[in-house]
Structure formats: structure tokens, C-alpha cells
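Structure first, then comments.
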Amino acid sequence: MGRVIVIGDVGGFPDQLRAALIAAGARRKDLRLPADLTVIQVGDLVDRGPDSSGVLRIVGERLDDQPDQWIQLLGNHESQYLPGGEQFFPERLSKADARLLRTWWEDGRLRVAAAVRTADDDDYLLSHAGLTVACWQELGEPATAAAAARLLDERPEPMLWRGFDTGADGKSGPLWAEAGSELYGEWLDFYATGGFVPFGQVHGHSQIVGFRDRSWRVTGRIRQRATVDWEARHVRVRAGGRVLIGVDPKHGRNGAPSWRPLAFDGATVLLTGHPPTGTARATPLGATRPAGPAATGGPAAADSAVSGGEPTAAGAVSGGARSEPAGAGASGESSRRARADRPYDVVLFGATGFTGGLTADYLARHVPQGCRWALAGRDEARLAAVRDRLAATVPGCADLPLLHADSADPASLAALAAATRVVISTVGPYVLHGEPLVAACAAAGTDYVDLTGEPEFVDDMYVRHHAAAVASGARLVHACGFDSVPHDLGVLLTVGRLPADAPIRVDGHVRARGSISGGTLASALLAFSRRGQTARAARARRPLDPRPADRRVRTPLGGLRRVHPGSGLQGWAVPLPTIDPQLVGRSATALERYGPDFAYTHSAVVRRLPVALAALAGAAVLFVLAQLGPVRRWLMRRLPGGQGPGPTQREKNWFSVRFVGEGGGRRVVTEVSGGDPGYGETAKMLAESALCLAFDELPPTSGQVTTAVAMGEALTARLVAAGLKFEVEQA
């Protein structure tokens with residue numbers, strides 16, 4: 001934990017800024033910040049004050065010397081000196097100062113937004129003027145403050161600059177929204193008509209009071225919901241259970257005689273860090289993301305979670321888990337620092353398979369600038385064919401490195417693991433081909449992600465390699481596709497909206513239209529045929545992975561039943577005996593935020609009872625047939641490995657998982673949804689999981705961990721930015 005202070009509009013008053021920093025503990029002679037302090041300044045460094053250049057000098061020194069402890073946001077007064085901004089104030093900066101602001105903008109030190117979690121588990125989005133309802137909807141209705149901050153830091157145009165001439169129509173962007181009419185009023189209207197306020201906000205730019213004469217510039221419901229700290233010059237307005245806080249001290253031309261930064265003790269900055277040079281200007285909303293060609297050089301900096309400048313165990317969604325999971329330690333952190341100079345950031349093993357090829361496609365188009373990535377496999381000719389296909393659409397991939405690695409050759413896998421920071425494996429069935437690579441990554445301290453939905457494999461890997469991974473600092477994260485990212489992170493989002501001190505029950509309802517590939521069919525049939533081995537692996541894991549003594553976690557299968565009446569769905573819930581509830585249960589075991597007594601049920605939804613009964617009967621028949629070797633092999637020959645649905649079919653596919661959570665007298669309904677579950681979205685989830693491990697600052701975990709424990713909110717924010725929806729529909 002650490003201290004976070006939020007400084008409102010400085011407006012060209014360096015003495016005011018210097019005094020506030022010294023009062024917060026900065027060293028008087030050079031304003032160096034103490035190690036436990038992070039400063040977020042919400043913009044308008046320059047304005048009508050006597051010395052805007054002096055303010056820029058102070059901030060520039062902190063950005064140069066302590067970049068992880070000073071987060072500088074963009075204000076509308078800075079925006080007029082940037083490409084895309086519109087000049088509106090005649091007192092121009094010097095050419096040198098304007099050039100300095102453009103430099104900060106281009107190298108990512110000047111950001112649009114940040115996100116903070118307080119010690120009370122309240123999440124706040126920070127921007128200069130605040131995010132209005134209309135702009136929140138335009139961003140895709142991000143469910144968390146961190147997701148909203150990430151989307152805003154992609155610099156969506158034209159929203160970013162909109163507002164100077166809009167006439168307070170509620171659509172002004174985060175640099176121009178007026179506090180009363182556009183920010184507070186719109187959110188209160190939205191809540192009054194049944195909308196959900198997803199997070200609190202902290203903003204500068206404008207206020208609803210006059211501090212000098214203690215006057216009000218609003219009446220009615222906004223004033224009724226507002227409280228003012230006249231000495232600190234902070235205004236708080238409650239909207240839908242959240243708090244919107246204005247921190248602009250209104251220095252004007254003379255400076256405020258009395259004011260203080262907004263202070264959060266024991267807070268966590270959920271989103272910070274510096275985007276890499278050359279990628280600062282993001283693509284407009286709705287446009288294709290810029291390609292990320294293979295390149296040499298260091299890894300791109302990414303958003304991080306820090307608390308007063310130090311890594312924390314944050315990473316939960318919107319008031320989610322805060323406890324530090326088992327397996328974190330100094331050895332893991334030192335191992336990750338030691339492997340930073342490896343030749344590659346991410347290596348994809350299995351790119352010649354169907355899902356592996358889709359994952360390669362996604363990486364080619366979405367790796368950040370400077371990401372060092374490669375393809376690995378045993379057949380160089382087939383790998384070269386994949387590379388040529390990628391280069392046809394992303395020319396930078398023409399020089400993508402190809403590495404030899406064979407699951408039957410442990411030495412080649414050891415060399416692969418030693419050469420990269422993160423390995424992606426799409427080589428299944430994992431119970432037959434997966435262990436050697438897991439062993440190599442656990443020994444080398446290399447992070448590992450895969451797509452497995454095979455409980456036997458996951459349990460065996462825990463028994464055999466979890467301890468080695470803890471010692472080396474490796475994070476082994478299984479099931480990073482449709483099994484089980486939407487379910488694990490969806491439950492985390494749901495739990496974060498419920499009281500932490502009461503029993504919690506969550507019901508997951510899955511609806512989907514999908515197709516199957518040869519590799520998926522082979523893995524499913526093999527898992528069905530190995531029920532004895534699966535049971536033995538579970539028994540072997542149990543004594544090594546005990547449940548907490550003071551909390552209870554259950555994932556009952558349940559039976560055929562009506563869907564939860566609070567879900568808004570109609571029909572029947574058919575129990576799904578997949579790996580998903582097991583992984584949800586392990587996240588609940590590791591994270592105290594799931595409460596003292598947690599239960600999760602997992603089911604598919606069908607509209608009519610005959611269909612539900614037919615689905616159960618079909619699953620039983622397939623289970624029986626899978627026990628017969630000749631029949632199983634015949635079924636697998638019907639759809640060989642490497643084959644799967646084409647683009648036209650995948651475009652028709654979709655999924656939705658709706659969660660109903662209840663606890664402490666409250667109910668929350670959330671939903672995770674997207675496109676083709678088995679392949680298109682699975683490749684996206686897998687690739688973003690690897691990039692998250694490679695580039696995001698995450699909780700200090702090691703060993704075999706779930707996506708909720710290892711990545712939590714950071715991965716959710718990535719997936720929201722990539723097009724998946726994480727929505728809180730009712731609370």
C-alpha cells in the first residue's frame with residue numbers, strides 16, 4: 001500500500017505546486033518524492049498564473065527522475081498546443097514550452113486518464129474534466145475504472161477534443177465536460193432511469209461552487225447530493241452509490257489562498273506506466289488497431305498496477321481481490337528481473353495448428369511496437385508457411401524469427417524456455433503433449449499460458465511442477481481461452497460488486513453458438529476416456545493444495561433446473577461439468593475477496609425442456625462412446641487435427657455468460673459476451689493473456705495460478721479494449 005495524492009489544476013502557479021508537494025513529504029531542495037508517494041496531476045498545468053514555464057520545469061524534473069511516481073494527465077489548456085487540439089486561449093506558451101508538451105504527448109508521459117483503488121475498495125477514474133455518460137457509452141460502457149482509463153489512454157478521436165463548442169450538450173470529452181450540467185447531471189439522470197454508475201471519478205477543470213464567496217452554481221438535486229470541503233476546495237457529489245469528486249482549486253489569476261490535494265492513504269494506482277515511443281497516438285474508435293510488426297529492441301512499456309510506486313497484489317476487477325496470493329515472493333520477482341534481457345518477450349509454440357494459427361494472426365496485428373516475438377515448432381517448413389501468410393497482411397512479419405522446438409525433445413524445450421519471457425502453448429491434447437514444456441518453463445522461471453480444458457492435465461501439472469515454478473518465479477496459467485477466462489474473470493467482476501464480509505453465491509449461465517476443430521474434438525474425447533486418470537490426479541493434488549481453514553469454497557454441479565429467476569433469461573439450466581467451475585473455485589480459494597462462504601454453479605441455458613433432456617442424453621452417449629478405443633479413433637478421423645470452422649462460420653458464432661451474484665442482501669447481474677467462443681475469441685484471450693504477463697505490472701504471484709489471481713483487472717481491461725464486453729447489468 002502507499003499514498004496517492006491528486007493535485008487539481010495548477011494553472012501556472014509553481015509556488016502553489018511546490019508548497020503542496022513539500023507538505024506531502026517531498027524533499028525541499030529538489031522536490032524529490034518519498035518512496036511511498038505517487039502524485040497524479042489532473043491537467044491544466046498552464047493557464048493564467050504568473051509562471052507556467054516554472055510549473056513545467058517542476059513537473060519535467062519529476063517525470064525524468066521519478067516517472068513511476070508522477071502521473072501527468074492532459075488538460076484542455078495543454079491540449080491547444082498539441083496536434084488535434086484547438087487554440088482557445090490567447091496567452092500562448094513559449095515555443096520551447098509548447099515543444100516540451102508535444103514531446104511528453106508523443107512519448108506517452110502525458111496521459112489522458114488513470115485509475116485508483118482506495119483502501120476501502122472504491123475505484124475511481126481520474127481525468128481532467130470527467131467522463132460523461134455519453135462518452136462512457138461511446139467507449140463501449142467499460143465496467144471498471146481501469147478499463148475506462150485504458151481505453152481513454154488509447155486517445156479516442158474525435159471524442160478526446162470534443163467539447164469546446166458543444167454548448168454543454170452532455171457529449172463533451174474528458175478534457176472539456178462541465179461538472180454540473182454534463183458530468184453530475186447526466187450521471188444522475190442516467191441512474192434515475194435505471195442505469196448503473198460503474199465507478200467513481202476524480203476530475204479538475206470546473207466546479208459547481210464559487211470558493212471565494214462560497215456560492216453555488218447549481219440548484220436542486222445536484223446541490224442536495226453535494227458536500228464541499230471549503231478549505232481543501234474539494235466537491236463531492238453522490239450518484240448511484242458512487243462519488244464524483246472535483247479537485248480544481250480555481251487558482252484563477254491570483255492563486256487560491258487555501259487548498260489541498262486530494263489524498264488517498266493505502267491506495268493502489270491501477271493503471272499507469274508509459275506507452276512506448278512512437279505509439280502514443282491511438283487509432284480512432286471503431287478503426288482497426290495498428291499492426292505490431294516483429295521488431296528487435298526492448299519490450300514495450302505497458303499499463304501497470306502500483307501502490308505508492310511499489311508493486312502490489314491488486315489485479316482484481318472493480319473492488320475485487322486485494323489479498324496477496326500464495327506463491328508470491330522475492331525469489332519470483334528477482335527471477336523476473338533476471339530474465340528481462342532474454343532475446344524474446346513472447347514465443348508461440350504450435351502456430352501450425354488451427355487455433356495456433358489464429359493466435360499467430362492476432363499477435364501479428366496486435367503486439368505492441370517493440371515486442372520481440374517468435375514462432376516455435378518442430379517443422380520449419382510449416383512454420384515458414386505461417387510466417388509467409390502473416391507477412392502477406394502484416395509486412396513487418398516477414399522477418400519473424402522461427403525457433404525449433406519439439407515436445408518429444410526436452411533439450412529443445414529447455415532452450416526455448418530459456419530464450420523468452422512468456423511461452424504460449426497451443427499443442428494439445430495437453431495430457432499427451434503438454435508436460436515437457438510446462439516442466440521447462442517451471443525450471444527456467446518462464447511464464448506459460450495455454451488453452452487446456454483438461455482437468456487431469458491441470459492437476460498433474462500442479463502436483464509435478466507447481467513447487468518448481470514457485471521457486472523459479474514462473475507463472476503457469478492454464479485455460480486462457482473460452483475455457484476459462486470469461487467465467488473466471490466474470491465471477492471476479494460479480495464478486496467485486498457484493499459485500500466482502502457475507503456469504504456469496506454466484507450462478508453462471510452459458511449461452512453460445514460455436515463450432516469445433518479437430519484438436520478440440522480430440523482433447524474432449526481423450527478426456528472422456530480417462531475418467532480414472534482424472535480422478536487419480538485430483539486425489540493426488542488434494543493434500544498438496546488444501547482449502548483455507550477459515551473460509552468455505554464450493555462449486556456444486558447441481559442438477560437440471562429452471563434458470564435463476566434474476567438472470568433475465570428463460571428456460572432450463574443444464575449442469576456443465578467442465579473445468580470452468582474448478583478454476584473459479586481455485587480463484588475463490590486464493591482470494592479472500594470472495595467472502596467467508598462462496599458457492600458457484602455453472603450451467604448451459606436451453607429454452608425448452610426436451611432440448612435440455614436431449615443435451616444431457618447426447619453428452620452421456622458421447623461419454624460412453626469415448627470409452628471404446630476404435631469408436632473414439634473413428635470419431636477423431638472424421639475431423640483431423642489442424643482443421644476447423646472457416647471465417648464465414650466463425651463470424652456467425654457468439655457467446656454470452658450471465659452471472660447472478662447474491663450476498664449480504666444484495667443482488668448483482670453481470671454478463672461477459674463476445675464473438676466466436678472456441679476460436680476467434682479464444683485466440684484473442686490467449687494472446688492477450690501472454691501480452692498481459694509480458695508487459696503489465698501484475699500482482700507478485702508464482703507457481704500454478706488462475707487468470708483471476710495472476711492477471712485480474714489488467715487482463716479484463718485488455719479484453720474490453722480488444723472488443724469483449726464485461727458489463728454490470730443490474731446491481
Checklist entry - Should K171 and Q137 be marked as a side chain to side chain contact (heavy atoms under 4.5 Å, CB included) after you check the CA-CA gap, both sets of side-chain angles, and the distance that decides it? => result CA-CA 10 Å; K171 297 181 180 179; Q137 293 171 332; over 6 Å; no
Treating [X] as the side-chain partner and [Y] as the backbone partner, does any N or O pair qualify as donor plus acceptor under 3.5 Å?
{"X": "W187", "Y": "L131", "answer": "yes"}
{"X": "R242", "Y": "V197", "answer": "yes"}
{"X": "D696", "Y": "L698", "answer": "no"}
{"X": "R117", "Y": "D122", "answer": "no"}
{"X": "Q201", "Y": "G130", "answer": "no"}
{"X": "Q72", "Y": "L63", "answer": "no"}
{"X": "D44", "Y": "H205", "answer": "no"}
{"X": "E86", "Y": "W161", "answer": "no"}
{"X": "T118", "Y": "D120", "answer": "yes"}
{"X": "Q41", "Y": "G43", "answer": "yes"}

Does any non-hydrogen side-chain atom of [Y] lie less than 4.5 Å from one of [X]?
{"X": "D123", "Y": "V116", "result": "no"}
{"X": "L73", "Y": "H128", "result": "no"}
{"X": "L152", "Y": "L125", "result": "yes"}
{"X": "V247", "Y": "P261", "result": "no"}
{"X": "R150", "Y": "D153", "result": "no"}
{"X": "P249", "Y": "Q16", "result": "no"}
{"X": "R421", "Y": "L693", "result": "no"}
{"X": "V243", "Y": "F199", "result": "no"}

Checklist entry - Step by step, would you call L719 with M685 a side chain to side chain contact (heavy atoms under 4.5 Å, CB included)? => result CA-CA 7 Å; L719 295 177; M685 296 176 208; 4.2 Å; yes
Hey, could you give me the [atom1]/[atom2] distance between [X] and [Y], rounded to the nearest 0.5 Å?
{"X": "L93", "Y": "H77", "atom1": "CG", "atom2": "NE2", "value": "10.5 Å"}
{"X": "S258", "Y": "D229", "atom1": "OG", "atom2": "CG", "value": "8.5 Å"}
{"X": "R57", "Y": "L100", "atom1": "CZ", "atom2": "CG", "value": "11.0 Å"}
{"X": "D47", "Y": "S52", "atom1": "CG", "atom2": "OG", "value": "7.0 Å"}
{"X": "L74", "Y": "L160", "atom1": "CG", "atom2": "CG", "value": "6.5 Å"}
{"X": "L715", "Y": "F726", "atom1": "CG", "atom2": "CZ", "value": "7.0 Å"}

Heavy-atom pair with the smallest gap, counting every atom of [X] and [Y]:
{"X": "R475", "Y": "V705", "result": "CB-CG2, 4.5 Å"}
{"X": "V42", "Y": "S127", "result": "CB-O, 4.1 Å"}
{"X": "A147", "Y": "A717", "result": "CA-CB, 3.9 Å"}
{"X": "R238", "Y": "L188", "result": "O-CD2, 3.7 Å"}
{"X": "P34", "Y": "A24", "result": "CG-O, 4.4 Å"}
{"X": "E78", "Y": "V46", "result": "OE2-N, 3.2 Å"}

Is the centre of the [X] ring less than 6.0 Å from the centre of the [Y] ring?
{"X": "W259", "Y": "F211", "value": "no"}
{"X": "Y191", "Y": "F196", "value": "no"}
{"X": "Y184", "Y": "H203", "value": "yes"}

Checklist entry - How far apart are the C-alpha atoms of T132 and E182, what are their side-chain angles, what is the distance that settles it, and do they pass the side-chain hydrogen bond (donor to acceptor under 3.5 Å, both in side chains) test? => result CA-CA 6 Å; T132 65; E182 295 188 287; over 6 Å; no
Next on the checklist: What I want to find out is whether E138 reaches R162 closely enough, with some N-O distance under 4.0 Å, to be called a salt bridge.
Outcome noted: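 So E138 pairs with R162 through a salt bridge.
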Checklist entry - Regarding R155 and the six-membered ring of W105, is the cationic atom NZ or CZ under 6.0 Å from the ring centre and inside 45° of its axis? => result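 Geometry flag: set, cation within 6.0 Å and 45°.
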Item to check | L56/V59 under side chain to side chain contact (heavy atoms under 4.5 Å, CB included): CA gap, chis, key distance, verdict | outcome: CA-CA 5 Å; L56 294 180; V59 174; 5.7 Å; no
Checklist entry - For R3 and D265, what are the C-alpha separation, side-chain angles and deciding distance, and is it a salt bridge (charged side-chain N to carboxylate O under 4.0 Å, His left out)? => result CA-CA 5 Å; R3 294 184 297 142; D265 291 327; 5.2 Å; no
Checklist entry - Hey, mind stepping through I71 and V269 against side chain to side chain contact (heavy atoms under 4.5 Å, CB included) and telling me if it holds? => result CA-CA 10 Å; I71 301 169; V269 179; 3.6 Å; yes
Next on the checklist: For H251 and D9: C-alpha separation, side-chain torsions, deciding distance, then whether side-chain hydrogen bond (donor to acceptor under 3.5 Å, both in side chains) applies.
Outcome noted: CA-CA 8 Å; H251 285 302; D9 306 33; over 6 Å; no
Next on the checklist: Between R32 and D30, does the salt bridge (charged side-chain N to carboxylate O under 4.0 Å, His left out) criterion hold? Intermediate values first, please.
Outcome noted: CA-CA 6 Å; R32 183 169 182 80; D30 58 6; over 6 Å; no
Checklist entry - Have D97 and S94 got a donor and an acceptor in their side chains that come within less than 3.5 Å? => result yes
